[in-house]
2 protein chains.
Amino acid sequence: MTYTLAEEDYLKAIYKIAERHGTPVSTSAISELMQTRPASVTDMLKKLADKELIDYKRYHGVSLTRTGARQATLLIRKHRLWECFLVEKLGFNWDEVHVIAEQLEHIQSDTLIDRLDDYLDNPKFDPHGDPIPDASGAYRMRYQILLSDLGLHQRAVLVGVREHTSSFLQYLDQNHLALGATLEVVEVLPYDGSVRLRLSDGEPFLISGQVARQLFVRQITEAT
Amino acid sequence: MTYTLAEEDYLKAIYKIAERHGTPVSTSAISELMQTRPASVTDMLKKLADKELIDYKRYHGVSLTRTGARQATLLIRKHRLWECFLVEKLGFNWDEVHVIAEQLEHIQSDTLIDRLDDYLDNPKFDPHGDPIPDASGAYRMRYQILLSDLGLHQRAVLVGVREHTSSFLQYLDQNHLALGATLEVVEVLPYDGSVRLRLSDGEPFLISGQVARQLFVRQITEAT
DNA sequence: GGTAGAATTTAGACGGGGCTAAAGTACAAA
DNA sequence: TTTGTACTTTAGCCCCGTCTAAATTCTACC
Ligand SMILES: [Mn+2]
Ligand SMILES: [Mn+2]
Ligand SMILES: [Mn+2]
Ligand SMILES: [Mn+2]
């Protein structure tokens, strides 16, 4: 029941694609996310199918089996817990932790991850606002809508990001857009979906529709 | 300047053998420590020599180059810092940490290890009493002699272990032999080198010569 | 100085994970 | 219903790190 680093990363990739775009997951989608050639993906899919971690029909994409999905969520659990550790304990910025956690997630030790979880006080969300599965693989989705779907004058709290690239996160930092920040939609430009925002006690500023579609928020229902 | 997991482990093995038995280091010694076949060692030695990490003459063993030694000490630094983290922060016992650190030591990130070092308050010794090299690879040897070389009625502090196996460390735990413990030699049995010890406010008990030769102590010079 | 036995290296193989080039399949559009 | 094109798989190759079996070299002892 122990898998190689490559197998784990493929399972995680399939999981993430399925989560976002549904099932079945195509060879080319995996290829793009993993930065490998489609032929390499096909090779790996055969191996994962042999181990019954995925259901695979030639030319028709794949989906994770129960075992495969469980393995993927455990890897995600480890990834996100390590990210918490790096930010909370070692003082890393949220744009620096992904690449390191990409390595740390493969450390094999159940005890280690459980103790890390306790050490961090069993966090429910990682530094990017993503939910952390518990030891059984279960997690609850965060309530969220896209910032781009907010109406004029609505207020909301930033709870997550869709993009995880360093450059995007650094852009958010520069605009003081941190998780937990309260914001209000001051203006919506219909042509390109740009949105003018105001943070608590700050000057309004503009973000592109492109950016607005990468931000998850929880709407604040006004106390009547 | 980035090396594979296998290369790193070989460099570390060569370093450790050289430290204990001097140079040159034989293929069979590496083979035994690494739990691989001699033929595999020879293969790797060629690769390491090509990368100028070792000096290698066929049939005559190897020694580390300056670069190779530096790489080895950096790996040891990482290994020992992670061991500190596991014991100090996550509450692992000293007999559980080696196998996990064996994986963690290969995580590639200079920033990570420097921050970990700071987070742990720049420890100078790991949970087994072994010195931790600084970021430049330098460390100072602990002052030590073998417990088996102590004379009758001499007092000393336990500062290190030569064996790092779980079973040995657990044996020490059972006899309350922890690092920092003060002990006195109550009796030496010349036939097999067994030693009767007394810990501070404890009953005397016997350890074999075999065990006595695995323990490093710092002698206490009586205040006159 | 010659030689047996131990240590070491070479030869050839394999599984894991990647690649390119070529061939096969699916599907939408004509 | 046929066909063009995009997607996917196959075929064949490579590098890494390991192995076994066979050949080579060293060395200690006669
Ligand atoms: Mn990974
Ligand atoms: Mn994250
Ligand atoms: Mn290791
Ligand atoms: Mn140690």
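So you know, we letter chains A, B, ... as the sequences are listed, proteins then strands, and number each from 1. Hydrogens, waters and symmetry mates play no part in the numbers below; they use all other heavy atoms, side chains included.
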* Asked: What nucleic acid atoms does A:A6 come within less than 4.0 Å of, heavy atoms only: base, sugar-phosphate, or nothing?
  -> sugar-phosphate
* Asked: Looking across every strand, which nucleic acid part, if any, lies under 4.0 Å from A:T36 by heavy atom: base, sugar-phosphate, or nothing?
  -> sugar-phosphate
Does [N] have OP1 or OP2 sitting under 4.0 Å from an N or O in the side chain of [X]?
X: A:S40; N: C:dC19; result: yes
X: A:Y10; N: C:dG18; result: yes
X: B:K46; N: C:dT10; result: yes
X: B:S28; N: C:dT8; result: yes

For [X] and [N], what is the distance between atoms [atom1] and [atom2] respectively, to the nearest whole Å?
X: A:K47; N: C:dG18; atom1: NZ; atom2: P; value: 7 Å
X: B:D43; N: C:dG12; atom1: CG; atom2: P; value: 14 Å
X: B:Y56; N: C:dA7; atom1: OH; atom2: C1'; value: 11 Å
X: A:R58; N: C:dA26; atom1: CZ; atom2: C1'; value: 13 Å
X: A:L48; N: C:dG15; atom1: CG; atom2: P; value: 18 Å
X: A:M34; N: C:dG16; atom1: CE; atom2: C1'; value: 14 Å
X: B:H60; N: C:dT8; atom1: NE2; atom2: P; value: 10 Å
X: B:I30; N: C:dA7; atom1: CD1; atom2: C1'; value: 13 Å

* Asked: So where does chain A start and stop touching DNA chain D, 5' to 3', when the test is distance under 4.0 Å to a non-hydrogen atom?
  ->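 Nucleotide range in contact with chain A: D:dT8 to D:dT10.
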* Asked: Ring centroid separation for B:Y139 and B:F125, is it under 6.0 angstrom?
  -> no
* Asked: Counting side-chain heavy atoms from CB outward, which of C:dA26, C:dT9, C:dG17 is closest to A:Y59?
  ->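 Side chain of A:Y59 sits closest to C:dA26.
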* **Between CG on residue B:D173 and CG on residue B:D95, distance to nearest 0.5 Å** =>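 Result: 6.5 Å between the selected atoms.
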* Please name the residue in the list B:D117, B:D110, B:D134 that meets the salt bridge (charged side-chain N to carboxylate O under 4.0 Å, His left out) test with B:R77. => B:D117
* To do: Specify whether A:H164 and A:H98 have parallel, tilted or perpendicular ring planes, treating 30° as the upper limit for parallel and 60° as the lower limit for perpendicular.
  =>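 Ring orientation, 0 to 90° scale: tilted.
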* To do: Mind telling me whether A:F168 and A:Y171 have parallel, tilted or perpendicular rings, with 30° and 60° as the class edges?
  =>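 Ring orientation, 0 to 90° scale: parallel.
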* Given that A:E7 and B:G61 both sit by DNA chain C, which one's nearest nucleotide is further toward the 5' end? ->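 Looking at DNA chain C, the more 5' nearest nucleotide goes with B:G61.
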* Asked: More 5' along DNA chain C: A:M44 or A:R37, using each one's nearest nucleotide?
  ->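 Result of the comparison: A:M44.
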* Salt-bridge criterion met for B:E105 and B:R80 (N-O under 4.0 Å) ->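 The answer is no: the pair does not qualify as a salt bridge.
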* To do: Taking only Lys NZ, Arg NE, NH1 and NH2, and the carboxylate oxygens of Asp or Glu, determine whether B:K12 and B:E102 approach each other closer than 4.0 Å.
  =>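 Answer for the salt bridge query: yes.
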